[in-house]
*Asks:* 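Got a structure for you, questions after.
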Amino acid sequence: MERYIIKGGKPLVGEVVIGGAKNAALGILAAAVMTDGVCTIDNMPNVRDINVLLQAIQEIGATVNRKSPNEVEISGRGINPDDLTVDNDFIRKIRAGYYLIGALLGRYKKAKVVLPGGCEIGARPIDQHIKGFRALGAKVVIEQGMIIAEAEVLKGNHIYLDVVSVGATINIMIAASMAVGNTIIENAAKEPHIVDVANFLNSMGANIKGAGTDVIRIRGVEAFHNTEYSIIPDQIEAGTFMMAAAATRGDVIVKNIIPKHMEAISAKLLEIGAEVTESDDAIRVKADHRLKHTQIKTLPYPGFPTDMQPQMAVTLGLSTGTSMIVESIFENRFRYVEELRKMGSNFKILDGSTAIITGVEKYVGAELDAPDLRAGAALVIAGLAADGYTTINQIGYIQRGYERFEEKLRGLGGRIEKVDSDEELNRFIFSSGSVKKN
Ligand code: EPZ
């Protein structure tokens with residue numbers, strides 16, 4: 001089974017180029033099936049969750065033409081409206097299959113999609129998605145693990161979300177963009193990828209205003225047309241490399257990003273004593289000394305992102321003093337703490353949602369299991385900062401959301417290799433950080 005082997009203790013130094021935003025791409029690729037025209041989508045991250053969604057899109061008859069690893073053409077022309085069932089073993093494991101409910105319901109007024117999976121970071125209900133579809137006039141039932149949504153006509157409505165949800169905001173926005181009349185979504189999520197999905201829909205002919213604020217106004221249109229679109233940079237991939245620079249006391253320029261999207265992360269890095277320098281489309285993070293403690297609460301954008309919580313925690317675990325992190329979005333996002341303890345960290349979890357972190361001077365290498373996508377990436381950072389060798393199992397989680405992760409880290413001088421046998425692992429250890437595969 002594939003795992004990472006890491007020889008830690010070396011600061012990351014150099015430049016890294018960030019790819020397209022996975023969580024924007026998932027909404028955009030689903031929405032692309034709403035036209036018989038051709039959507040050419042660039043800067044698409046070539047990661048597992050994306051490839052699973054593309055496969056699901058093909059299975060319902062859409063055309064997917066992969067022009068290069070990061071560029072795809074999609075057309076909904078071949079979709080058979082009489083069979084709009086989305087289900088396979090892979091789509092069951094990802095979260096974003098549910099965007100196909102919004103897309104198919106919007107375009108064809110019906111959809112049957114398997115209940116979403118995704119990382120096990122909490123209960124992750126979808127009641128707000130369903131509330132939105134129902135408000136648009138759809139009948140929605142859950143039968144045998146499938147969500148079945150159907151409407152004679154989708155009609156615009158005024159929808160107030162009871163919780164700020166990224167997924168529900170995107171899903172309702174997608175469906176409402178082809179409803180009759182006007183929709184207002186209140187208490188909408190404001191993440192950069194919501195703006196990106198709205199911009200993509202608008203480029204196909206939708207009429208969406210206010211994305212990026214907490215009130216989104218949508219005037220439904222009858223049909224969409226061809227478009228060419230480039231996905232925004234991935235805020236979380238960028239943040240992960242920024243944190244890797246800080247935790248390893250390195251000096252890294254994170255390129256091809258939108259610095260405005262990184263403000264919550266940059267602010268915390270500055271607060272704990274890292275040097276953070278912004279330019280138009282890059283951020284340099286430098287830390288040549290031990291960083292300080294702080295307090296963090298995860299919040300919807302523009303607050304500190306839950307998807308950066310584990311990476312930040314790993315950094316604080318090496319900082320001076322005692323830090324506190326409150327996780328307010330998902331209830332099960334501290335599962336990496338048990339793994340990190342094996343490296344000599346000092347974390348206490350209170351009531352499941354608060355971590356008290358007493359910084360230690362060093363982590364020591366250990367054998368770890370990645371519990372989910374972002375926690376997996378955080379453990380890689382811990383391994384890069386640690387003394388000695390770390391192995392990380394279950395890296396499939398990490399591959400769901402990070403493209404060529406180990407390659408990009410090696411580009412910064414990180415000694416990390418993906419191995420799939422004990423022999424390869426031993427070869428890495430004997431060669432102290434570089435293994436030549438046969
Ligand atoms: C999206 O998940 C992302 N996933 C997650 O990224 C991210 O952690 C999360 O937003 C928060 O930023 C995708 O975009 C595919 P939510 P999503 O709906 O949409 C509650 C990663 O690592 N809620 O904003 O599922 C929910 O339980 C992943 O890339 C309801 O109560 O998150 C949570 O407490 C992991 N009812 C809160 O809202 C609902 O109907 C926010 O969830 C929907 C959500």
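For ligands, and for the atoms within them, numbers begin at 1 and follow the listed sequence.
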*Asks:* For ligand 1, which atoms sit closer than 4.0 Å to a heavy atom of Val163?
*Replies:*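 So the answer, numbered in order with elements, is 23 (N), 30 (C), 31 (O), 36 (N), 38 (O).
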
*Asks:* Hey, what's the ring geometry for Phe200 with Tyr229, parallel, tilted or perpendicular (30° and 60° as the breaks)?
*Replies:*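 The arrangement is perpendicular - the two ring planes meet at more than 60°.
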
*Asks:* Indicate yes or no: does an N/O atom of Thr306 lie under 3.5 Å from an N/O atom of ligand 1?
*Replies:*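 By distance alone, the answer is no.
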
*Asks:* Only counting residues at least two apart or in another chain, list the ones meeting side chain to side chain donor-acceptor pair (under 3.5 Å) with Thr85.
*Replies:*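 Expected list: Asp83.
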
*Asks:* Would you indicate which of Thr298, Asp49, Leu26, Asp307 comes nearest to atom 6 (O) of ligand 1 when only heavy atoms are counted?
*Replies:*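 Checking each option, the heavy atom nearest atom 6 (O) of ligand 1 is found in Asp307.
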
*Asks:* Identify whether the distance between the nearest side-chain nitrogen and carboxylate oxygen of Lys22 and Asp234 falls below 4.0 Å.
*Replies:*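 No, no charged N to carboxylate O under 4.0 Å.
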
*Asks:* Indicate, as side chain, backbone, both or neither, the part of Asp127 found under 4.0 angstrom from ligand 1 when only non-hydrogen atoms are considered.
*Replies:*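 For Asp127, the contact with ligand 1 is made by both the backbone and the side chain.
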
*Asks:* For Pro69 versus Met44, what's the shortest heavy-atom pair and its separation?
*Replies:*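 Between these two residues, the closest heavy atoms are O-CE, 3.7 Å.
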
*Asks:* Where on Tyr98 is there a heavy atom closer than 4.0 Å to ligand 1, on the side chain, on the backbone, on both, or on neither?
*Replies:*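 The side chain, only.
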
*Asks:* Any idea which of Phe330, Tyr99, Tyr397, Tyr301 brings a heavy atom closest to atom 9 (C) of ligand 1?
*Replies:*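 The option holding the nearest heavy atom is Phe330.
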
*Asks:* Which of the numbered atoms in ligand 1 are under 4.0 angstrom from any heavy atom belonging to Arg95?
*Replies:*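 Those qualifying, in numeric order: 25 (O).
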
*Asks:* Please check if any side-chain donor atom of Asn46 sits under 3.5 Å from a side-chain acceptor atom of Asn51, or the reverse.
*Replies:*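 Yes.
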
*Asks:* Among side-chain atoms of Glu191 and Gln235, is any donor-acceptor pair under 3.5 angstrom?
*Replies:*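 No, no side-chain donor-acceptor contact under 3.5 Å.
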
*Asks:* Between ligand 1 and Gly167, is the shortest N or O to N or O distance under 3.5 Å?
*Replies:*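 Yes; at least one N/O pair falls below 3.5 Å.
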
*Asks:* Using a strict 4.0 Å cut-off to heavy atoms of Lys22, name the atoms of ligand 1 that fall inside it.
*Replies:*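 Going through ligand 1 atom by atom, the ones under 4.0 Å from Lys22 are 21 (C), 29 (O).
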
*Asks:* Determine, for Glu339 against Lys342, whether the closest basic-nitrogen to carboxylate-oxygen distance falls under 4.0 angstrom.
*Replies:*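 Lys342 and Glu339: salt-bridged.
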
*Asks:* Considering only heavy atoms, which of Pro125, Gly97, Ala168 lies nearest to atom 43 (C) of ligand 1?
*Replies:*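 Considering heavy atoms of Pro125, Gly97, Ala168, the nearest to atom 43 (C) of ligand 1 sits in Pro125.
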
*Asks:* State whether a side-chain donor-acceptor pair under 3.5 Å links Glu403 with Asn70.
*Replies:*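 Yes, Asn70 and Glu403 have a side-chain donor paired with an acceptor closer than 3.5 Å.
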
*Asks:* Which atoms of ligand 1 have any heavy atom of Arg333 under 4.0 Å away?
*Replies:*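 That gives atoms 8 (O), 22 (O), 35 (C) of ligand 1.
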
*Asks:* Compute whether any side-chain donor of one residue and acceptor of the other, for Tyr4 and Glu417, lie under 3.5 angstrom apart.
*Replies:*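 Not at all, the side chains of Tyr4 and Glu417 share no donor-acceptor pair under 3.5 Å.
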
*Asks:* Within the structure, does Val166 bring an N/O atom to less than 3.5 angstrom of an N/O atom in ligand 1?
*Replies:*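 Right, the criterion is met.
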
*Asks:* Which of the numbered atoms in ligand 1 are below 4.0 angstrom from a heavy atom of Ile126?
*Replies:*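 Under 4.0 Å from Ile126, ligand 1 has these atoms: 39 (C), 40 (O).
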
*Asks:* Between Glu191 and ligand 1, is there a nitrogen or oxygen pair with a distance under 3.5 Å?
*Replies:*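 In fact, backbone or side chain, Glu191 has no N or O that close.
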
*Asks:* Relative to ligand 1, is Ile329 under 4.0 angstrom through side chain, backbone, both or neither, heavy atoms considered?
*Replies:*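 Both backbone and side chain.
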
*Asks:* Under 4.0 Å from a heavy atom of His129: give me the atoms of ligand 1 that qualify, with their elements.
*Replies:*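 That gives atoms 40 (O) of ligand 1.
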
*Asks:* For Ser345 and Val360, which heavy atoms make the closest approach, and how far apart are they?
*Replies:*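 Looking at all heavy atoms of both residues, the closest pair is CA-CG2, 4.3 Å.
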
*Asks:* Side-chain atoms of residues 136-144: list all donor-acceptor pairs with protein atoms under 3.5 Å, sequence neighbours left out, distances to 0.1 Å.
*Replies:*
none

*Asks:* Which ligand 1 atoms are under 4.0 Å away from a heavy-atom of Gln128?
*Replies:*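 Those of ligand 1 that fall under 4.0 Å from Gln128 are 36 (N), 39 (C), 40 (O).
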
